[in-house]
Amino acid sequence: MSRYDPAVTEPKWQTAWEADGTFTARRDPAKPKYYVLEMFPYPSGRIHMGHVRNYTMGDVVARYKSAAGFSVLHPMGWDAFGMPAENAAMERGGHPKDWTYSNIADMRAQMKPLGLSIDWSREFATCDPEYYGQQQSMFIDMMDAGLIYRKNAVVNWDPVDMTVLANEQVIDGRGWRSNALVERRELTQWFFRISDYSGELLDALETLTDWPEKVRLMQANWIGKSRGLQFAFTTTGAPEGFDRLEVYTTRPDTLLGASFAAISPDHPLAKHLERHDPALAEFVAECRRIGTSEEALEKADKQGLDTGIRVLHPFDNAVELPVYIANFILMDYGTGAIFGCPAHDARDFEFATKYGLPIPPVFVAEGADEAALTEAFVPMKSERVRYLRGFAGAEVQTGDEAIAAAIAFCEERGVGRGVTNYRLRDWGISRQRYWGCPIPVVHCATCGVVAEAKENLPVRLPDDVTFDQPGNPLDRHPTWRTCTCPKCGGAARRETDTMDTFVDSSWYYARFTSPHAAKPTDAADADYWMNVDQYIGGIEHAILHLLYSRFFARAMHKTGHLPAKAIEPFNALFTQGMVTHEIYLTRDAAGRPVYHLPEDVTDGKLADGTAVEIIPSAKMSKSKKNVVDPISIIQAFGADTARWFVMSDSPPERDVEWTASGAEASYKHLNRVWRIASDIAASDTPATADDLPLARATAKAIDEVTKGIEGFAFNKAIAKLYEFTNTLQKSQAGMAARRDAMKVMAQLIQPMTPHLAEEVWQMLGGEGLVARAPWPQADPALLIEDTVILPIQINGKRRAEISVPRDMPAAEVEKIALANDDVVKFLAGQPVKKLIVVPGRIINVVV
RNA sequence: GCGGAUGUGGCGGAAUUGGUAGACGCGCAGCGUUGAGGUCGCUGUGGGGUAACUCCCGUGAAGGUUCGAGUCCUUUCAUCCGCACCA
């Protein structure tokens, strides 16, 4: 008997599917449609196990839905613009375009052997001019619809390389190549008005019931709706034009605990003051070196500088508060200025302690006395506190009540107004880089900023660019910038900023519905295929990519490119975990770690016998050398083994650790299934047992595997398939019954291990391709057990069990339970206080 | 710093959502098959105690609610993800 050979079998069935056109998506009015999408990959050049896991999950869903009678769309493309291509060009020479397209070809070649049910005829890359040209056309529509504007915004500026840096390229406040201290610099940049949709994007989260709760919560917190008070302090000693200082607060009830005011280093007042005060300018420059990321700002040591300006407390003009410039105030949130209430805010407390400012408490915990504070007292939202001073007097109430009361009180007295504020900022899409979608705009001396005419689209990237120096190659290209104004025909200058790559990925799902259309979308196709029924990707995209896509779908609807039903483009979302691996290292003479590849380590030792340190499982990364290459796994064991392994063991939303032994175990299991199938196909051993138990086991397997796939619990579906395999292997039922059960096995494993499934299906004489066979149905009559085993607890501890008919009345169950020998023994004659019978579950005797 | 998640045997995990903790797989041990190794098949496997037993302990830690808690509540520790120019 020969062995299962994936190297022969897998390509055979891939060819069969291709010849059959099994996975070509078609608009079929007779069937319901189902659109499965995995977040498309960045073409780095190599697929990794994370890709295998992501696409296998989508493939399981796609194949299952197809068997269940849906017309399925399951496409693949490439998120192909971005910095790595430019970095490669700078480091190794060559052109970003060549690098990218050659990577795409490599990755496609690595992906095809996985046997994914993808409709490759819809493939595109976002760097195809056909794609980004349509994006430019929509940009112009969005300009016309008032969704786009320009304003100044800060960027990380590398003063040595004379270039803008991404946050990722700023390491400890220094440029990653030049090592120069990074500065903040203002540039005029393009923005999408996503904040116009803050309220809607927040409210609509409630309709996304098939999204993970945590993702909805993260988005809600990101949008950050708050109700607060905006008011103006009157200043003294401030320069002309700054006689009022607007502040926003979400805690107006603590206004009487104010002990200082503070402004952002980017506040207009700070910018004014630095022009005349060298010491202050020095401080502000220091603040600007922190970088632009919120994380860096929040983690930095709290620093402040007294400007000498004072503000008057709005309720007591005799009280003057100092105005500081403070490094932790964000210009982008509220008004860029705050009042500090150290008693009830941890950051303000730290700041006041450092600069010796008073810390007057406003309230204390309910029932507590006023005492010196050793840290800020920040009550929980629902916690009731007693106000020592405040608009509500010495009353006890929760923060929410007090805030509403404080806003009403202030408004009555003309101190500011209640406002709803959002943390969400407009989306800055300008990038001073080459490898992105050019912003289709020209700058004309006469007409100003003008959109390019649509007939001139796409505005193509020039091919003749160099990367021998930092900065934007579009900016220094000799001729590309020169153009004519589409409005007046005069000489004009082309915009050299390109778009954030998040724009590319904000509508690719819509483009897949009609990837070759001469417009961004085709109405009939978009109407049939949208929305994405199941979207699958990493949790790291929980906020930005998904929020931008939700905004962009709304913008596409507003500009006529998507139907109204598609403003929430993803009906269901699943966020999968990473594939991780142990890290192996030894130490060099200086104690520095030296990493070793998994294949060089056997039983915790290198080939020369040196023992390695094993660091627990972590994200696969090249520098830690803990990467397992899917291609080598496919070559060794076949794609089905890799697919089976990444779907087994861990729940899909959690990380899964790749282990060599696990992969081998998967391989062995698939071989076992094949062996059992070929035994059944070949032999004709007589039945020595009833067919009924196997029929029951089959029905149960169908039921539980179906539930597992529907519920995204692939690990549980696989556990059931192991059980079913064990049952089938041991079954002594008749050959016809075993054949039928094995054919069901082929159908049930088809989503996970499609090649093996086809092979088994064929061995048993299944008709056509199992990929086209309808999903098996479980006979409901076979799912019902006749008897149930009920555990009996005495005072909550399991002491006995009884087996009773499934629908025996509770009164009779009680009688049998109390008569049980073990129960009688444990009760030892004590009277029963209470008897709890949960039908079909458990009996608890309380004495 | 802020926001979000996770924590169960030697390991990955299961537990019908408040009702038998440890399904299934890995690993390990024993037995069988095999010339040997591997493969394959069978049996056992949370910790402790016992001659034996349905005896005790046990879901990161501490406390609470309940007839009953891995599951609910409070506090706490550890790890991971995101923080707006990485994709």
*asked:* Could you tell me how far apart A:E653 (CD) and B:G13 (P) are, to the nearest whole angstrom?
replied: 10 Å
*For nucleotides B:C42 and B:U33, find the distance between their P atoms and express it as a whole number of Å.*
15 Å
*In whole Å, what separates the P atom of B:A61 from that of B:U39?*
37 Å
*With sequence neighbours excluded, tell me which residues meet side chain to side chain donor-acceptor pair (under 3.5 Å) with A:E350.*
none
*Separation of A:Y333 atom OH from B:C2 atom P, in whole Å?*
15 Å
*Results of side-chain contact (heavy atoms from CB on, under 4.5 Å) for A:R841 - residues two or more places apart only*: A:V838
*asked:* Between P on B:G1 and CD1 on A:I329, what's the gap in Å once rounded to a whole number?
replied: 17 Å
*What is the nucleic acid contact for A:N726, judged by heavy atoms within less than 4.0 Å: base, sugar-phosphate only, or nothing?*
sugar-phosphate
_Under the rule for ring-ring contact (aromatic ring centres under 6.0 Å, His included), what residues qualify as partners of A:H541, not counting sequence neighbours?_
A:H545
_Contact pattern, 5' to 3', of nucleotides 38-48 of chain B - B, S or - by protein heavy atom under 4.0 Å_ = -SSSS------
_Residues that A:K214 engages under salt bridge (charged side-chain N to carboxylate O under 4.0 Å, His left out), provided they are two or more places apart_ = none
*Give me the residues of residues 715-723 of chain A where at least one heavy atom lies under 4.0 Å from an atom of RNA chain B, by number, or none.*
A:N715, A:K716, A:A719, A:Y722, A:E723
_Distance check, P atoms only: B:A29 and B:A69, in whole angstrom units._
38 Å
*With side chains defined as the heavy atoms from C-beta onward, is the minimum distance between A:N87 and A:R177 less than 4.5 Å?*
yes
_Nearest-Å distance once atom P is located in both B:U76 and B:C81_ = 23 Å
*Is B:G9 in the syn or the anti form, by the rule that syn lies within 90° of 0?*
syn
*asked:* Once you apply a heavy-atom cut-off of 4.0 Å, does A:K833 come out as touching a base, just sugar-phosphate, or nothing?
replied: nothing
*So, are A:D822 and A:R799 salt-bridged, with charged N and O less than 4.0 Å apart?*
no
*Are the aromatic ring centres of A:W427 and A:F502 under 6.0 angstrom apart?*
no
*Is the shortest distance from a Lys or Arg side-chain nitrogen in A:K299 or A:E295 to a carboxylate oxygen in the other one below 4.0 Å?*
yes
_B:G18 and B:C85, which share atom name P, separated by this distance in whole Å_ = 42 Å
*For A:T250, which residues count as a side chain to side chain donor-acceptor pair (under 3.5 Å) partner, sequence neighbours excluded?*
none
*asked:* Dot-bracket for RNA chain B, please. Rules: Watson-Crick or G-U, both distances under 3.5 Å, ( ) within the strand, [ ] when a pair crosses earlier ones, | for another strand, . otherwise.
replied: (((((((..(((......[....)))((((((.......))))))(((......)))..(((((..]....))))))))))))....
*Using atom C1' of each nucleotide, how far apart are B:G37 and B:U45 to the nearest Å?*
25 Å
*What interatomic distance, in whole Å, is found between P of B:G3 and the corresponding atom of B:G25?*
43 Å
_Just N and O in the side chain of A:R654: are any of them under 4.0 Å from OP1 or OP2 of B:A14?_
yes
*According to a strict under-4.0 Å criterion, is A:S650 in side-chain N/O contact with OP1 or OP2 of B:G13?*
yes
*Could you tell me whether B:U34 is syn or anti, where syn means a glycosidic angle within 90 degrees of zero?*
anti
*Find out whether A:I47 and A:Y55 are in side-chain contact, i.e. whether some heavy atom of one side chain is under 4.5 Å from a heavy atom of the other.*
no
*List for me each residue that meets ring-ring contact (aromatic ring centres under 6.0 Å, His included) alongside A:F351, sequence neighbours excluded, and say none if there are none.*
A:F260, A:Y324, A:F328, A:Y355
*Respond yes when some side-chain nitrogen or oxygen of A:R799 is under 4.0 Å from OP1 or OP2 of B:U20, and no when none is.*
no
*Should A:K707 and A:D703 count as an ion pair when the cut-off is N to O under 4.0 Å?*
yes
*Atom C1', compared across B:U20 and B:U59: separation rounded to whole Å*: 15 Å
*Between B:A23 atom C1' and A:K700 atom NZ, what is the distance in whole Å?*
10 Å
*Distance flag, aromatic centroids of A:F637 and A:F645, threshold under 6.0 Å*: no
Please produce a list of atom pairs where a protein N or O lies less than 3.5 Å from an N or O of nucleotides 64-67 of chain B.
| residue | atom | partner | partner atom | Å |
| --- | --- | --- | --- | --- |
| B:C67 | O2' | A:N844 | ND2 | 3.3 |
| B:C67 | O2 | A:N844 | ND2 | 2.4 |

_Applying side-chain hydrogen bond (donor to acceptor under 3.5 Å, both in side chains) as the test, list every pair that has at least one member in residues 710-720 of chain A; sequence neighbours left out._
A:Y64-A:E710, A:E704-A:K720, A:K720-A:E723
*Whole-Å distance between B:G68 C1' and A:I843 CD1?*
14 Å
*What is the nucleic acid contact for A:S661, judged by heavy atoms within less than 4.0 Å: base, sugar-phosphate only, or nothing?*
sugar-phosphate
_Heavy-atom donor-acceptor pair, A:E86 side chain to A:Y434 backbone, under 3.5 Å_ = yes
*Reckon A:A665 touches a base, only the sugar-phosphate, or nothing at all at heavy-atom distances under 4.0 Å?*
sugar-phosphate
_By the definition side-chain hydrogen bond (donor to acceptor under 3.5 Å, both in side chains), identify the one residue from A:Y508, A:W78, A:W507 that meets it with A:Y131._
A:W507
_What is the distance, to the nearest angstrom, from the CE atom on A:M647 to the P atom on B:G13?_
15 Å
*What is the per-nucleotide protein-contact pattern of nucleotides 77-87 of chain B, from the 5' end, where B denotes a base atom under 4.0 Å from a protein heavy atom, S denotes such proximity for sugar-phosphate atoms only, and - denotes neither?*
----SSBBBBB
*asked:* Check this for me: does any side-chain nitrogen of one of A:R184 and A:D266 sit under 4.0 Å from a carboxylate oxygen of the other?
replied: yes
*Does a salt bridge link A:R53 with A:E38, judged by any charged N lying under 4.0 Å from a carboxylate O?*
no
*To the nearest Å, give me how far apart CG (A:L297) and C1' (B:C2) are.*
12 Å
*Could you tell me whether the side chain of A:R841 has a donor or acceptor atom within less than 3.5 Å of a complementary atom in the base of B:U20?*
no
